[in-house]
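First comes the structure, then the notes that go with it.
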2 protein chains.
Amino acid sequence: MTGADTKTTILDAAEGLFAEHGYDGTSLRSVTARAKVNLAAVNYHFGGKERLAIEVLVRHVGPINAERHRRLDALPTRPTMAAIVRAFVEPVFPVRAGCPAGPAAPGRDFCRMFGRMMAEQPPFLRAFLAGQFRELGHRFVACVRSTRTGIDPATAWWRLHFMAGAMAHTLLAGDGIAHLTEGLCDPDDAETTVEQLVAFVAAGLAGPPTPSRGRAARPARTQKRRSRR
Amino acid sequence: MTGADTKTTILDAAEGLFAEHGYDGTSLRSVTARAKVNLAAVNYHFGGKERLAIEVLVRHVGPINAERHRRLDALPTRPTMAAIVRAFVEPVFPVRAGCPAGPAAPGRDFCRMFGRMMAEQPPFLRAFLAGQFRELGHRFVACVRSTRTGIDPATAWWRLHFMAGAMAHTLLAGDGIAHLTEGLCDPDDAETTVEQLVAFVAAGLAGPPTPSRGRAARPARTQKRRSRR
DNA sequence: GTCTATAGGGGGATAGAC
DNA sequence: GTCTATCCCCCTATAGAC
């Protein structure tokens with residue numbers, strides 16, 4: 001099975017390069033060079049650059065989301081916000097103890113690549129991402145609403161969105177904070193990073209329902225102009 | 001001054017294309033085509049693709065950060081978290097009332113472009129971004145710490161980082177939430193978006209200091225391995 | 001299955017006429 | 001200041017020998 005091994009080699013090489021340079025910034029030539037295989041091998045094994053990117057993602061996203069579902073299943077009927085957030089966050093980071101039994105720990109490369117892909121959202125990935133996260137999103141919203149009566153669905157969705165943003169940014173722009181703080185914050189310390197992220201997001205989720213939620217439902221204020229659209 | 005007008009035309013065209021396709025995904029040919037100017041004009045006026053991208057950014061980032069500083073100056077000595085967050089968030093979104101006097105309201109294109117650039121962080125931009133945000137970051141951390149005694153600097157920096165992530169993701173992946181929620185959440189409604197973001201971030205910032213902050217300062221636990229590096 | 005060679009299309013940058 | 005024409009690069013994808 002030399003062929004199967006070639007596939008894995010290519011996937012590993014692509015993962016690192018996509019992480020570093022993004023989708024558009026990565027050439028198949030650089031991938032095959034790093035993998036030490038021939039240029040034509042990518043098209044033979046995957047059928048093109050887009051399919052290669054998708055396969056790099058599914059290799060990790062599948063197990064990660066499976067683990068998330070497993071943790072959501074294991075939640076008590078009235079979970080804490082922190083527990084819910086952990087179910088989403090911990091399977092993604094290369095965490096130390098606590099989830100060692102899970103499927104092959106995603107490497108740092110995948111984390112950065114995933115962050116970039118979330119940001120770039122190449123058109124051919126949108127369908128894939130939507131498919132992977134629609135069900136998970138609904139479960140998340142249901143869990144959040146089960147902990148606190150005052151949160152309407154729209155607010156819960158917004159907060160899921162913000163959580164995803166904080167997470168994606170942490171996965172990909174970690175170097176930035178290390179540089180800005182001159183080492184005070186170390187994104188390579190996965191444990192502390194996760195604790196910080198969980199504390200922040202859990203507090204944000206548990207905040208009071210957004211005042212001006214919905215449309216023309218501001219408490220008391222003279223009619224301002226209803227902007228746009 | 002026909003020359004100055006050409007420059008602006010190019011900047012506008014580039015802004016839209018960078019927003020839509022990112023830096024790597026945008027060709028100078030597409031820029032000059034949209035701007036209806038000659039291909040050579042970009043190199044004549046800006047000196048290359050990188051310089052063009054930087055100028056597109058500075059055009060908006062400068063005024064936005066100036067406005068942020070102005071709002072931070074106007075903060076009371078013990079401000080609320082929400083007020084601090086507003087000082088950072090509102091100048092970025094195309095907001096309706098409340099900051100109409102500010103410099104030319106940044107359009108949606110710039111918002112998306114900025115989100116992408118924050119995510120991609122092309123190497124030539126890192127120095128620029130660091131320069132633009134170092135001072136602002138320190139002021140932000142100082143403000144946050146002034147509201148609450150228990151927050152150490154590292155935690156404050158982490159939370160600033162998460163805020164930036166939530167904001168960047170909101171700026172660029174707005175379509176995603178509209179699609180996922182089938183219209184329940186509308187990223188084109190800038191007012192509601194800002195209110196949701198401010199409420200979430202303010203609550204996250206005001207959360208209890210992160211338990212496992214710092215390094216080997218976990219309450220009680222056997223020495224675990226000190227990961228990597 | 002694996003490789004070489006090449007097709008066929010853009011890409012950024014520049015020289016030099018106007 | 002503006003344009004045309006061009007240099008020379010790198011890209012993805014594929015055909016066809018081994």
Side-chain angles (χ1 to χ4, degrees), chain A residues 1-57 59 113 116-117 120-126 128, chain B residues 1-59 113 116-117 120-128:
Chain A
M1 58 177 66
T2 53
D5 204 42
T6 297
K7 271 188 89 162
T8 304
T9 308
I10 293 175
L11 287 172
D12 290 339
E15 190 167 299
L17 289 166
F18 282 140
E20 204 162 345
H21 307 291
Y23 178 77
D24 282 317
T26 300
S27 70
L28 292 187
R29 294 178 130 82
S30 65
V31 172
T32 53
R34 177 178 291 196
K36 292 206 260 274
V37 301
N38 191 270
L39 171 59
V42 170
N43 280 288
Y44 176 79
H45 286 286
F46 300 95
K49 190 180 180 182
E50 298 191 350
R51 311 266 295 263
L52 169 62
I54 290 181
E55 289 222 28
V56 173
L57 282 186
R59 184 168 68 148
M113 172 180 175
R116 286 201 77 127
M117 290 296 187
E120 296 187 27
Q121 301 233 22
F124 66 91
L125 269 189
R126 308 201 48 139
F128 164 74
Chain B
M1 58 177 69
T2 52
D5 202 42
T6 296
K7 271 188 91 160
T8 304
T9 309
I10 293 174
L11 286 171
D12 291 339
E15 190 167 300
L17 288 166
F18 282 140
E20 205 162 346
H21 307 291
Y23 179 77
D24 282 318
T26 300
S27 69
L28 292 187
R29 295 177 138 84
S30 67
V31 172
T32 53
R34 177 178 289 195
K36 290 206 262 272
V37 300
N38 190 272
L39 171 58
V42 169
N43 280 288
Y44 178 77
H45 286 285
F46 299 96
K49 191 181 180 182
E50 298 190 351
R51 313 266 295 263
L52 169 62
I54 290 181
E55 290 223 27
V56 173
L57 282 185
V58 295
R59 184 168 68 147
M113 172 182 174
R116 285 201 77 126
M117 291 297 187
E120 297 187 26
Q121 300 233 26
F124 66 90
L125 269 189
R126 307 199 50 138
F128 165 73

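Order of the sequence lines sets the chain letters (A, B, ...), proteins ahead of strands, with each chain counted from 1. Note that the structure is a prediction, hence the values are computed from the model and not measured.
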*Looking at B/T6, does any N or O in its side chain come under 4.0 Å of the phosphate oxygens OP1/OP2 on D/dG1?*
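So the side-chain polar atoms of B/T6 never come under 4.0 Å of the phosphate oxygens OP1 or OP2 of D/dG1.
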*Do B/D12 and B/R59 touch side chain to side chain, with heavy atoms closer than 4.5 Å?*
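Side chain of B/D12 against side chain of B/R59, heavy atoms only: contact under 4.5 Å found.
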*asked:* Just so I know, are the side chains of B/L39 and B/V31 near enough to count as touching, which here means a heavy-atom distance under 4.5 Å?
replied: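 Of all side-chain heavy-atom pairs linking B/V31 with B/L39, none is under 4.5 Å.
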*Ignoring hydrogens and geometry, is there a side-chain-to-backbone donor-acceptor pair from A/K49 to A/V42 under 3.5 Å?*
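Judged by distance alone, no pair lies under 3.5 Å.
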*Got a donor-acceptor contact below 3.5 angstrom from the A/T32 side chain to the A/L28 backbone?*
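Yes, the answer is positive, given that a donor and an acceptor are paired below the 3.5 Å cut-off.
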Atom-pair distance ([atom1] on [X]; [atom2] on [N]), nearest Å:
X	N	atom1	atom2	value
A/H45	D/dT14	NE2	P	15 Å
B/I10	D/dG1	CD1	P	12 Å
A/H21	D/dC10	NE2	P	15 Å
A/L52	D/dC11	CG	P	15 Å

*Mind telling me whether B/Y23 and B/F18 have parallel, tilted or perpendicular rings, with 30° and 60° as the class edges?*
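Rings of B/F18 and B/Y23: parallel, under 30°.
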*Scan nucleotides 9-14 of chain C nucleotide by nucleotide, 5' to 3', and note B when protein non-hydrogen atoms come under 4.0 Å of the base, S if they reach only the sugar-phosphate, - if neither.*
--BBBB
*Would you please name every residue forming a side-chain hydrogen bond (donor to acceptor under 3.5 Å, both in side chains) with B/E120, sequence neighbours left out?*
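B/E120: side-chain hydrogen bond (donor to acceptor under 3.5 Å, both in side chains) contacts with B/R116.
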